[in-house]
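Working notes, structure below.
Starting from 1, each residue takes its place in the sequence as its number.
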Amino acid sequence: MDKRTKGSPTELRLMVVGSSGSSQFLLTNAILGREEFSKDITSISGSRKSIGELAGRRVAVINGPNIYDKDISQAKRKMELRRSKCLCVPGPHAFLVAFDMEKISPNDFRAPKLMRKRFGRHCLRHCMVLLACEGNVDGPALENRVQKTNWHLRELIEKYGGRFHILSKNWRDHSRDRELLQKIERMVASLGGGCFSSGTFQKAEVSVKKEEKRLRKQRATEIEKMWTEMEKQYIAEELYHQKDAYTSNVCAEIRAKAEMDNGWLRTSLARGLGTGLVVGAVVGALFGSIEGPGGMVLYGIIGGAVGGSAGGTAQVAIKHMEDRVAPPARLNFNSIFINRFFATPRP
């Protein structure tokens, strides 16, 4: 059963969704005030979490593949849907559904049904439509035009409860950041001030917490050893600050790793790999039937190997992505200290 769960009062978790094209990535850049995605990006194969600020409020922005992306397999899409939920636990405060104001497609009108299927039947209550447009944005005038004359946009927006905001495709334009934040906060407050959750978000949260517990146990000896070393170097208040900095960074590393890789995701990957083996074997057997029974066996084996290889390649690619996105599993204390206090802000 869907329900609302109280979330962090200090961080807004925003899941940005797009049916196709570059709209969700333009929106992400606009929210974060930086070019997280290049202007040429129209799709991504893996889910991603970015931290930043919107009008002074800390936000976590979660992006996954576009809903109607044809370039990824069904198994991969399913796994990345799970991953996006893990990156957003215990659930998003808002779903921001991004569209290009000048390019509304038939898929955009079908998206609400698919969102309910993938995120939970009440997720549209937590949705706000974001319409991206070219040039300088005269917010009130454009919003008035949408409400009174653009019936196709009005029809689309009504599917999401009538909530919408217009933003510029130029992420450097921050003139409407405060207004967007206020709209999101009002929507969240109207729903009780909590985040959205459902059965699968709860499953994601359980899996992330279980993985965190496993990783903490795995690193317990390392942490104890580091604390002992600190006690030899620092005393009193300085010791407290050093331990606090170290512990906070270790917890952040563990959390990030657990969100990117946990039992729930590994189960999804294993199923995808198994499907690749089965489908590959079937296709190989069909081709091999031309050669007779012996050919069916031979090509079935070859096809299974190819299908399994495809699944294995996906696993390697996902691991590469985790290494790139998630913090490393272990850092020495000097690295942690430097990263915490002297990290250069991203442009």
Side-chain angles (χ1 to χ4, degrees), residues 15-25 27-28 36-38 40-50 61-89 91-92 95 97-98 105 107-108 110-111 113-120 123 198-201 203-208 211 256-284 302-326:
M15 183 168 283
V16 178
V17 181
S19 63
S20 59
S22 61
S23 297
Q24 72 153 309
F25 310 112
L27 173 57
T28 299
E36 191 71 18
F37 297 96
S38 74
D40 300 322
I41 294 291
T42 59
S43 65
I44 55 175
S45 61
S47 300
R48 213 166 136 179
K49 179 178 182 178
S50 307
V61 182
I62 294 86
N63 295 89
N66 287 322
I67 290 178
Y68 288 101
D69 198 330
K70 305 291 186 183
D71 295 330
I72 60 175
S73 68
Q74 184 176 351
K76 171 70 171 172
R77 184 182 291 110
K78 181 177 180 181
M79 188 182 66
E80 289 308 324
L81 177 62
R82 286 188 174 190
R83 194 188 302 278
S84 69
K85 291 176 180 179
C86 290
L87 291 170
C88 205
V89 294
F95 292 92
V97 191
S105 72
N107 281 344
D108 295 332
R110 294 194 292 266
K113 182 178 180 180
L114 194 53
M115 283 192 65
R116 284 193 294 265
K117 179 180 178 181
R118 292 186 175 179
F119 296 110
C123 71
S198 66
T200 53
F201 274 105
K203 189 177 292 186
E205 184 176 14
V206 168
S207 188
V208 168
E211 185 70 11
K257 189 170 181 63
E259 289 175 345
M260 288 295 293
D261 180 24
N262 54 64
W264 195 42
L265 296 177
R266 289 191 285 269
T267 299
S268 180
L269 179 62
R271 286 177 179 172
L273 180 59
T275 301
L277 284 166
V278 172
V279 172
V282 171
V283 172
I302 294 172
V306 171
S309 176
T313 301
Q315 186 174 13
V316 171
I318 292 161
K319 180 61 180 172
H320 173 72
M321 180 186 71
E322 290 171 3
D323 292 340
R324 176 171 55 83
V325 177

Who pairs with [X] by side chain to side chain donor-acceptor pair (under 3.5 Å), at least two apart in sequence or on another chain?
X	answer
S20	none
D71	none
D108	S19, S105

Report task. Go through the structure and list residues passing side-chain contact (heavy atoms from CB on, under 4.5 Å) with A98, not counting sequence neighbours. Result -> S23, Q24, L27
Report summary line: Hits for side-chain contact (heavy atoms from CB on, under 4.5 Å) against S73, two or more places apart or cross-chain, chain-then-number order -> A75, K76
Query raised in the report: With distance as the sole test, does R118 use its side chain to make a donor-acceptor pair with the main-chain N or O of L81 at under 3.5 Å?
Result: no
Query raised in the report: Is there a donor-acceptor pair under 3.5 Å between the side chain of S207 and the backbone N or O of K203?
Result: no
Query raised in the report: Between W264 and A204, what is the shortest heavy-atom contact and its length?
Result: CZ3-CB, 3.5 Å
Query raised in the report: Nearest heavy-atom pair of A258 and V208: which atoms, and what distance?
Result: CB-O, 3.6 Å
Report task. Applying ring pair (Phe, Tyr, Trp, His ring centres under 6.0 Å), name anything that partners F95, two or more places apart in sequence or on another chain. Result -> F119, F196
Query raised in the report: Checking side chain to side chain contact (heavy atoms under 4.5 Å, CB included) for the pair L87/M260: CA distance, chi angles, key distance, verdict?
Result: CA-CA 7 Å; L87 291 170; M260 288 295 293; 3.7 Å; yes
**Report entry** K113 and its side chain to side chain contact (heavy atoms under 4.5 Å, CB included) partner, picked from R116, M115, R110, K117
**Finding:** R116
Query raised in the report: Hey, does P92 have a side-chain heavy atom less than 4.5 Å from the side chain of F201?
Result: yes
Report task. May I ask you to test the P65-R77 pair for a side-chain heavy-atom distance under 4.5 Å? Result -> no
Let me confirm one number: the [atom1]-[atom2] distance from [X] to [Y], rounded to the nearest 0.5 Å.
X	Y	atom1	atom2	value
N66	T42	CG	OG1	7.5 Å
E80	L265	CD	CG	8.0 Å
M15	K49	CE	NZ	10.0 Å
T267	M79	OG1	CE	11.5 Å

Query - E36 versus T28, side-chain donor and acceptor atoms under 3.5 Å - result: no
**Report entry** Stepwise side chain to side chain contact (heavy atoms under 4.5 Å, CB included) check, I44 with F25
**Finding:** CA-CA 9 Å; I44 55 175; F25 310 112; 3.9 Å; yes
